[in-house]
Amino acid sequence: MADPMKIRASAKDGITEVKVLMSHEMETGQRKDSSGNLVPAHFITELSAEHNGKQVLAAQFGTAVSKNPYLAFKFKGGAKGDKLAVSWMDNKGEKRTDEVAIN
Amino acid sequence: MNMQRREALKAGGGLGLFGLLAAAGLITPSQARAEWNKSAFDAKTIEETLKALGATGAQSSTDIQITAPDIAENGAVVPVGVVSALAGVEVIALLIEKNPNPLAASFTLPAGTEASVQTRVKMGQTSDVIAVVKVGGKFIMTKKEIKVTLGGCGG
């Protein structure tokens, strides 16, 4: 299981700003290891963010997203204490969901 | 469309995973429908990518801004943001022209989500970064050159 995401969500003036830092190697499948073998691709393909169960962002990633992906976005609504959940799935089918309270 | 879905599932090594997730209530049907767009991510050129995204003929527009450094010292971690003041933006896609596969990420914004996303991408070399935005059923785009002094592919 991958390490937890770091999620920060803060509501101000009716807008909630979300910053997510995922922990993932994001291997492109184009890099070679020290013995010259290709390192198989292993990267996050899909991500979804939900505010109180309602989707506020869906994203699809390719291999060009950096290692330990960072993502920031904003949505209207959201109040202190509301739940914000982010989940991702990678090309090997691994997945992870983390949830925070908006502050 | 069904073929693409099948390929995407196979590529993910998770045949049937969507079904399982949906059954477990972990993802909603709307998410299950938004499968990873394999043909767009596998495209090798800007034109192919735009075609796979259905964005052929996107017009250049000044209504989109790319926020990124002019010069990136480390191509492995280039902070890139896309902001648009337009209302009703549905999709934001980020393309890097000279990467092996130009499409880096695409974001689907439900109503209420602002057209403002930031992420970090890898760039193999100095290249134009292109933001493609779908708004009101039409595609528009803008680009910005980012110079890379150290590539992101172990170079």
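Computed from a predicted structure; not experimentally measured. In what follows, chains are A, B, ... by sequence order, proteins preceding strands, each numbered from 1.
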For the interface with chain A, which of Ala115(B), Pro102(B), Ala104(B) has the highest count of heavy-atom pairs at distances below 4.5 Å? Ala104(B)

Has Trp36(B) got a side-chain atom pairing as donor or acceptor with Phe61(A)'s backbone, closer than 3.5 angstrom? yes

Between Ala41(A), Ser66(A), Gly62(A), which residue shows the highest count of heavy-atom pairs closer than 4.5 Å to chain B? Ser66(A)

Using a 6.0 Å cut-off, check whether atom NZ of Lys144(B) has over 12 heavy atoms from anything other than its own residue. yes

Highest number of heavy-atom pairs under 4.5 Å with chain A among Pro110(B), Ser106(B), Ser116(B) belongs to Ser106(B)

Can Glu48(B) and Lys44(B) be counted as an ion pair, charged N to O under 4.0 angstrom? no

Would you mind checking which part of Val78(B) comes under 4.5 Å of any heavy atom in chain A, side chain (CB onward), backbone (N, CA, C, O), both or neither? backbone

In this structure, are over 12 heavy atoms from other groups packed under 6.0 Å from Lys6(A) atom NZ? no

Just wondering, do Thr142(B) and Gln65(B) contact through their side chains at under 4.5 Å, heavy atoms? no

Is it the case that one hydrophobic cluster holds both Val18(A) and Val100(A), taking links as side-chain heavy atoms less than 4.5 Å apart, direct or via other members? yes

At a 4.5 Å cut-off on heavy atoms, which part of Lys54(A) comes close to chain B: side chain, backbone, both, or neither? side chain

Chain B heavy atoms under 4.5 Å from Leu21(A): which part of the residue, side chain, backbone, both or neither? side chain

With a 4.5 angstrom heavy-atom cut-off, is it the side chain or the backbone of Ala111(B) that approaches chain A, or both, or neither? backbone

Pairs of heavy atoms under 4.5 Å with chain A: top-ranked of Thr119(B), Asp42(B), Thr113(B), Leu103(B): Thr113(B)

